[in-house]
Student: 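Below you'll find the structure I mean.
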Amino acid sequence: MEHLDMRRKMIIMASIMVAMFFASVNQTIVGNALPRIIAVLGGMDYYSWVFTIYMLTSAVTTILVGRLSDMYGRKPFLLIGIFVFTVGAFLAGLSKDIYQLIAFRGFQGLGAGLIMSSAFTAVGDLFSPRERGKWNGLMSSVFGLSSVFGPTMGGYIVDHFDWHWVFWVFLPLGIVAFVLIWVFFPRVERAKGQRIDYLGALLLTATIVPMLLAFSWAGTKYDWSSMCIVGLFIGAAVALVLFVIVEKRAENPILPLYLFRNSVFTISNLVGFTLGVGMFGAAMYIPFFIQGVLGFSATHSSYITMTLTLSLVAASAVSGQMISKTGKYKTLSFIGLFITVTGLFGMSTMDIYTSQWTIILYLIAVGFGLGIAMPVFTLTVQNAVEYDSLGVATASVQLFRSLGGTVGVAIMGTVLSTRMQDRLSTFSGTAAQIPQDLASKLEALKNPQILLDPEKLSQVGRSLPEQMQPMFTEIVAHLRDAMSYALSGVFLTGMVIMMLAIAINIFLKEVPLRSVARGTEQLRKAD
């Protein structure tokens with residue numbers, strides 16, 4: 001599609017961005033709203049699963065559609081993805097309990113994987129690597145823009161309307177995106193004589209799913225050393241070995257192993273994985289601090305977290321333009337990662353006395369750093385492979401980042417749960433003073449989840465006699481202290497993981513950006 005005139009390319013990119021915005025805004029709108037949704041549906045123990053199942057299903061479809069889109073073109077997968085995502089959003093709004101919500105979010109994830117993989121690959125179809133810098137920056141800005149509208153809208157809806165509208169408010173946008181892609185995106189002829197690697201796809205799924213389940217359950221639902229967790233890890237390892245054997249012999253492998261011989265491809269994906277661990281794992285719990293520790297409403301929380309996304313949008317646009325202008329990217333990636341580490345360190349020092357302006361400063365640092373670094377690693381991978389592997393290579397970036405996000409959520413969830421229980425175990429000063437007839441009313445305060453539901457917390461306080469109010473205030477203060485202590489560990493863990501990303505990035509070789517989209521040069525083996 002590189003031969004198309006610029007006007008047609010601009011229309012296609014606008015269509016893709018609408019589709020991306022629709023998918024990403026339906027993801028980000030859940031962030032600030034989910035604590036309140038969980039408070040209504042129940043299931044605090046399954047909180048992380050709403051995110052985990054989404055990333056799990058999107059990770060699987062991302063890598064599968066990467067290779068298939070190289071064979072069939074991007075258009076059919078964009079259309080199918082938008083349709084599946086729209087249906088999933090509608091069903092999620094009908095959820096009656098946490099289990100239905102998790103199931104429908106998983107269905108949404110299937111559509112998201114189709115959309116995101118195809119969208120970023122389409123940029124490689126349209127533009128040369130030298131031009132992709134600014135477009136990848138704009139694509140990241142679209143995600144950032146959705147991260148501004150999403151949390152703000154989500155918080156406002158749960159504060160003023162029924163929570164179901166969190167999933168329904170942007171449904172018309174899905175229809176618009178579908179029509180635009182249908183009309184303007186060109187169809188590509190299927191590559192002749194290529195077979196689909198069904199066995200490889202099955203084994204890759206059998207590797208990813210047990211591994212992500214193990215990370216999701218370990219430390220929360222099961223002990224890390226339990227038979228269930230160990231069995232899942234063993235199953236994933238066996239499937240991985242079989243996958244490697246099959247892919248070496250496959251005529252048209254779902255994930256060509258020769259790509260990993262390219263050091264740029266491998267290092268970029270390793271950095272992307274660690275970015276996912278640190279970014280998704282830590283960022284998911286920011287609303288917990290703002291709402292649970294500081295006691296702000298979901299709407300106010302969205303205004304604060306908006307600063308992170310606004311800085312991410314601005315930095316992504318600037319970073320993309322600088323890459324396209326200079327053709328250099330490694331220094332920018334170091335700068336972005338270092339700024340992110342600095343911001344996460346600041347967040348790890350927050351407590352119940354931290355002002356919201358200080359929090360905003362830390363969030364701006366994290367957002368600005370991520371905005372600079374994130375566009376780089378999609379670009380480096382696309383620049384390092386031949387055109388006929390563009391789809392699967394781009395999908396691998398999304399896959400490793402999603403895998404990192406799932407692992408990060410699991411790790412951070414374990415850190416949060418462990419540190420919170422440790423902190424709460426030290427609080428026993430007032431337990432013996434509670435009269436037997438009032439103990440049942442204070443039962444709800446044993447679960448820190450109540451901090452995320454101000455109305456329920458207020459009801460418990462009003463149900464107690466006046467002489468019990470000081471005790472109630474003390475218990476709530478200790479709950480906030482425990483959550484603050486736990487979240488400090490979460491953000492510190494995110495910082496350490498991002499430091500690992502910096503260390504890995506040292507080994508990234510800076511390959512000059514090509515000025516043509518198609519592979520007129522040999523595959524770069526930058527070992």
Side-chain angles (χ1 to χ4, degrees), residues 18 20-44 46-51 53-54 82 85-109 111-112 142-177 283-292 294-310 312-313 356 363 449-459:
V18 171
M20 274 193 64
F21 181 79
F22 170 63
S24 57
V25 78
N26 274 275
Q27 169 68 350
T28 60
I29 198 173
V30 177
N32 279 330
L34 189 57
R36 192 68 58 83
I37 295 173
I38 294 294
V40 174
L41 295 179
M44 176 66 173
Y46 300 98
Y47 178 91
S48 64
W49 258 104
V50 179
F51 292 91
I53 192 66
Y54 182 95
I82 294 170
F85 196 90
T86 302
V87 173
F90 177 74
L91 293 175
L94 297 176
S95 301
K96 301 299 183 183
D97 54 45
I98 187 64
Y99 305 107
Q100 290 185 9
L101 180 61
I102 290 171
F104 296 141
R105 288 291 289 172
F107 190 68
Q108 273 192 286
V142 169
F143 181 81
L145 191 63
S146 70
S147 298
V148 173
F149 285 105
T152 305
M153 184 70 75
Y156 185 84
I157 288 173
V158 295
D159 280 343
H160 298 90
F161 301 99
D162 192 289
W163 67 266
H164 303 283
W165 286 100
V166 166
F167 298 99
W168 294 342
V169 67
F170 285 109
L171 286 180
L173 199 59
I175 299 173
V176 172
M284 190 187 93
Y285 290 101
I286 292 173
F288 263 54
F289 187 90
I290 300 172
Q291 297 178 46
L294 301 184
F296 288 123
S297 67
T299 301
H300 194 90
S301 173
S302 67
Y303 293 147
I304 294 177
T305 55
M306 184 191 300
T307 58
L308 184 151
T309 49
L310 284 174
L312 188 149
V313 169
Q356 58 181 313
L363 292 180
Q449 173 183 343
I450 196 172
L451 295 176
L452 305 175
D453 190 347
E455 184 177 346
K456 186 175 181 181
L457 186 64
S458 179
Q459 287 176 356

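Fair warning: this is a prediction, and the values are worked out from it, not measured in the lab.
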Student: Could you give the distance from CD1 (I286) to CG (L363), rounded to the nearest 0.5 Å?
Tutor: 5.0 Å
Student: What do the steps show when you test I157 against W163 for side chain to side chain contact (heavy atoms under 4.5 Å, CB included), and what is the final call?
Tutor: CA-CA 6 Å; I157 288 173; W163 67 266; 5.7 Å; no
Student: Please collect all side-chain hydrogen bond (donor to acceptor under 3.5 Å, both in side chains) contacts where either partner lies in residues 85-107, sequence neighbours excluded, each pair once.
Tutor: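 Matches after skipping sequence neighbours: Q27-R105, R105-Q108.
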Student: Only distances under 3.5 Å count here; give the side-chain donor-acceptor pairs of residues 164-175 to other protein atoms, sequence neighbours excluded, each with its distance to 0.1 Å.
Tutor:
unit_1, atom_1, unit_2, atom_2, d
H164, ND1, G93, O, 2.4
H164, NE2, D162, OD1, 3.2
W168, NE1, F90, O, 3.0

Student: If you compare all heavy atoms of Y54 against all heavy atoms of V50, which two are closest, and at what distance to 0.1 Å?
Tutor: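 Result for this residue pair: CB-O, 3.8 Å.
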